[in-house]
Amino acid sequence: MKHKSYILIILLFFSILHSCGLKSYNYPYAENNTTIDTIYDMEVTDEYQWLESDSDVTRDKWLEEQRIFTENYFANVDNQSILNNRINELSNIPRFSIVDLKNDTLYYFKHQMNQDSIRLFKMSGNDTNPICISASVYKVNAKEQINCASISKNGEYMAVPVEDSDNLKYAIQIYSLHHQDEIFDSIPAIAYNQKPLWSENGFFFVGSTDKTNENEVYFYDLEKKQYKTIYKGNGILVNTINICLNDDENKLLIAELSQLENKLIVNSYDLNKSFAPITKEGELFIKNRDLKVLGYDNNNIFICRPLKNHVELIAYNLNEKKWHKIYETQHSISSLKYLKNQIIITYKNNNHNQGEIIDKETWKTYNINLPKDGFTEIITDKENSTIYILNESLIQPQVLYKTSLGQPTDYTLVQTIDNLSFNPKDFIIEDIIVKDKHGNNMDIVLTYKKGLKKDGNNPLLYFDFSNGMNLFADKFFYTRIVLIEQGFIFAHKRFDSPNSSLLLNSKTDEITSILDYLIKNGYTNKNSIVLSGREYGATTIAHLINKKPDICKVALLNRGVYDIIRHRKLDEDLLPIDSTYQIDDKNNFQLSLQVSPFHNVKKNSNYPAMILCTGMNDVGISPVHTYKYIAKLQMHTSGSNPLVILAKNQSTVERSNKFSAYNDELLLNYLFLFNNINLEYSEDNFSRILD
């Protein structure tokens, strides 16, 4: 009897230790070498500033120990091969990337995510049977570069911006389409966000050849195989340059938007006279910074101007020197296409796609039919009345349709992706409205398997990007299918606004309201919630977890800015410093300090299971943010949940050509998720969720 009492006492002792948060992981030791910075007469303590030094031997040793710790953790996780096979199978789904529509011929790439080469096809007129131009014309490096490819007017050449992110090398490669896979020439240059625009004897592009100034416009001469600068911008980073061609008059328009000074600088050039300047329209005053130059004709520059409660389409008349408002909508515009005689606008109305065509002679509008749901991309050119519509949804891969501009009729199916390894009809997309604490409506999208029981027992992943990516939510990603097949609910906010360090508290309040609603209405419970965030979203979720460590069971964070105070120092040599992280005056600095995740880790808190991903050679957000944050989390947690860093040798930019590496990262994230949500990944997991 006494023996049993001793056993009960021992069990009780260990139970108390566990309830108090007994650590079960021996994390690599991070030396507490405190640095104190004085900013605006305030002392800021930083225990791990030594992790910022690339030449610190102690840091190298700590990173190696973290790598070993992560490997040892995953060595004990089961079901790796089953999950890995399913991820690879789903990532094999092809994607269309539209290149150009020239002379009623559609050019597009078709590629699979687990392959690093893609095929170029063309489809002409009423023929729906595509012709393969090249089987491996381009080695995929980044999605942005694929989307910026363009075809010459005669269909003989293709210009493709290429990025070798591992070696920080950039180029624009010119391919000869009549000689498969032959590189006609290569320009050592970075192209920014716009397709190269072809004239009769070459093309224009916005970018840089030395990475010192984004604001330059170049012309590449096909015959001479040379390029030259034709316009040099007035500022660095804060300006945006748009270029438009007026084929009727053989003129080039260059419109430079100075976000710093709220001015639009407009120049036009005569291409028949060696780019001689025709006019400088002057520095046109603008009232907001989010203008988008759409196009240019004989008389007008067309610009989209988003305002507080609506969006305007305005035109600057070059003859009258005046602005005219020609269109207004309260909806979130998805895309605008500038044509010779029309402008096509697509937008979301009650979360459904709608489109309108504006006649540039009468300024009258009429509707165009579009697929009801999902993400819709309009493809057309200035000269032709044919419109291609590329549509996809959260659960349906891409489908290509075709219609006409004349009097738009119903669209017809042209291309689809067959032989899917899942049935989209097995899944549900549900839109719900959740009110924040101020009574404002938030549009939340839930994706899950048919027959889901609202019994409060469903695992749920809430994803936050927090970067104004309102269209991101409507696109198909195989990563979502992996989870909802297993009974997960995948949740996200449909429309979002760009995040700011000064708005992080309101962002975290929104997520809290969303999760409270989902728990109250039987979708899930606190012990079944996974929070996932990327970039701004990772920053937001890290701040939320600091405030409420019990808000979720698992967190998957990727490329977050965790040390907001030293963001300018850490990231100044990478991509442009983000202006939303503001410490430019004492008040903003104090607000940023209050929300900076690194500076607000709570000692002796039971943090959820967390995996933090970064790239050791990241070209966008310094991996040091992740090093410092994980070090502080591991040293201060009192709980038994694992806190793991996944630091890869290359950049973690998702649109990399390293699709196999991305799948490897996804596998580890999902293994971590299932292991810590106490679910076993299985092909038989559907039985619990079906009625």
Are Glu156 and Leu177 close enough, and set up right, to give a side-chain contact (heavy atoms from CB on, under 4.5 Å), and what steps lead you there? CA-CA 5 Å; Glu156 293 186 8; Leu177 299 185; 5.9 Å; no

List the steps and the verdict of side chain to side chain donor-acceptor pair (under 3.5 Å) for Asn103 and Thr105. CA-CA 5 Å; Asn103 301 319; Thr105 299; over 6 Å; no

Sub-3.5 Å donor-acceptor pair from the side chain of Asp464 to the main-chain atoms of Thr540, do we have one? no

Please assess Ile433 against Asp443 for the test side-chain contact (heavy atoms from CB on, under 4.5 Å), listing each intermediate value before the final yes or no. CA-CA 5 Å; Ile433 299 297; Asp443 184 10; 4.2 Å; yes

Sequence-distant partners of Gln354, side chain to side chain contact (heavy atoms under 4.5 Å, CB included), two or more places apart: Tyr347, Asn349

Can you name the residues that form a side chain to side chain contact (heavy atoms under 4.5 Å, CB included) with Thr412, not counting sequence neighbours? Lys402

Taking atom CG of Asn423 as the centre, report whether more than 12 heavy atoms of other residues, nucleotides or ligands fall under 6.0 Å from it. yes

Identify which one of Phe204, Phe203, Trp198 satisfies the ring-ring contact (aromatic ring centres under 6.0 Å, His included) criterion when paired with Phe219. Phe204

Establish, from distance only, whether the side-chain atoms of Thr346 and Thr376 form a donor-acceptor pair under 3.5 Å. no

Output the distance between atom CG (Leu120) and atom CD1 (Ile133), rounded to the nearest 0.5 Å. 4.0 Å

What residues form a ring-ring contact (aromatic ring centres under 6.0 Å, His included) with Tyr157, not counting sequence neighbours? Phe184

Please report the C-alpha distance between Asn391 and Ser393 in whole Å, then the side-chain angles of each, then the deciding distance to 0.1 Å, and finally whether the side chain to side chain donor-acceptor pair (under 3.5 Å) criterion is met. CA-CA 7 Å; Asn391 181 255; Ser393 74; over 6 Å; no

Can you list the residues that meet the salt bridge (charged side-chain N to carboxylate O under 4.0 Å, His left out) rule with Asp373, with sequence neighbours excluded? none

Given 3.5 Å as the limit, does a donor-acceptor pair link the side chain of Thr539 with the main chain of Val561, or not? yes

Taking the side chain as every heavy atom from C-beta outward, state whether Ile343 and Phe302 have any pair of such atoms under 4.5 Å apart. yes

Main-chain N/O of Pro196 paired with Ser150 side-chain donor or acceptor, under 3.5 Å: yes

Heavy atoms only: give me the nearest Leu420-Ile417 pair and the separation to one decimal. CD2-CG2, 4.0 Å

To the nearest 0.5 Å, tell me how far Asn201 CG sits from Lys153 NZ. 10.0 Å

Would you mind reporting whether Phe422 and Phe427 have side-chain heavy atoms less than 4.5 Å apart? yes

Would you please name every residue forming a ring-ring contact (aromatic ring centres under 6.0 Å, His included) with Tyr448, sequence neighbours left out? none

Which value, rounded to the nearest 0.5 Å, describes the distance between Ile541 atom CD1 and Ser532 atom OG? 6.0 Å

Sequence neighbours excluded, every pair satisfying salt bridge (charged side-chain N to carboxylate O under 4.0 Å, His left out) that has a member inside residues 352-368: Asp297-Lys360

Can you name the residues that form a salt bridge (charged side-chain N to carboxylate O under 4.0 Å, His left out) with Asp431, not counting sequence neighbours? Arg494

Going by heavy atoms in the side chains, are Leu313 and Ile303 under 4.5 Å from each other? no

To check you understand the geometry: which heavy-atom pair defines the closest contact between Arg480 and Lys475, and what is its length? NH1-O, 3.5 Å

Could you pull out the closest heavy-atom pair between Asn663 and Ser91, with the gap in Å? ND2-OG, 3.0 Å

Would Tyr220 and Tyr227 count as a ring pair (Phe, Tyr, Trp, His ring centres under 6.0 Å) here? Give the steps. CA-CA 4 Å; Tyr220 175 81; Tyr227 65 91; 7.4 Å; no

Do Ile172 and Val160 touch side chain to side chain, with heavy atoms closer than 4.5 Å? no

Not counting sequence neighbours, which residues clear salt bridge (charged side-chain N to carboxylate O under 4.0 Å, His left out) with Lys122? List them please. none

Please walk me through it: do Ile389 and Ile379 pass side-chain contact (heavy atoms from CB on, under 4.5 Å)? CA-CA 6 Å; Ile389 303 169; Ile379 303 100; over 6 Å; no

Stepwise, does the side-chain contact (heavy atoms from CB on, under 4.5 Å) test hold for Leu666 with Tyr478? CA-CA 11 Å; Leu666 181 68; Tyr478 67 93; 3.9 Å; yes

Using a strict 4.0 Å threshold on nitrogen-to-oxygen distance, state whether Asp100 and Lys195 make a salt bridge. no

Contacts of Ala171 that satisfy side chain to side chain contact (heavy atoms under 4.5 Å, CB included) - sequence neighbours left out: Ser186

Pairing residues for Phe205 by the ring-ring contact (aromatic ring centres under 6.0 Å, His included) criterion, not counting sequence neighbours: Tyr218

When rounded to the nearest 0.5 angstrom, what is the spacing between CD1 in Ile484 and CG in Asp426? 9.5 Å

Check Glu535 with Arg559, please: is the shortest side-chain N to carboxylate O separation under 4.0 Å? yes

Kindly write out the residues that satisfy side chain to side chain contact (heavy atoms under 4.5 Å, CB included) with Glu328, not counting sequence neighbours, or none if the list is empty. His310, Glu312, Lys325

Kindly give the heavy-atom pair with the smallest separation between Pro424 and Gln396, and that separation in Å. CG-OE1, 3.6 Å

Answer yes or no: is there a side-chain heavy-atom contact under 4.5 Å between Ile243 and Leu252? yes

Under-4.0 Å salt bridge between Asp474 and Lys348: yes

Atom pair CD1/CD1 of Ile93 and Ile481 - distance to nearest 0.5 Å: 7.0 Å

Is any side-chain heavy atom of Ile241 closer than 4.5 Å to one of Tyr231? yes

So, do Phe109 and Arg95 sit near enough that their side-chain heavy atoms are less than 4.5 Å apart? no

Start with the C-alpha distance between Lys435 and Asn440, add both sets of side-chain angles, then the distance that settles side chain to side chain donor-acceptor pair (under 3.5 Å), and finish with yes or no. CA-CA 5 Å; Lys435 292 188 179 297; Asn440 300 316; over 6 Å; no

Looking at every heavy atom in both Ile514 and Val434, which two are closest together, and how far apart are they? CA-CG1, 4.1 Å

Interatomic distance, CD1@Ile98 vs CG@Leu106, rounded to 0.5 Å, equals 4.5 Å

Within a strict 4.5 Å, meaning less than it, do heavy atoms of the Ile358 and Ile345 side chains meet? yes

Can you name the residues that form a ring-ring contact (aromatic ring centres under 6.0 Å, His included) with Tyr108, not counting sequence neighbours? Phe96, Phe121

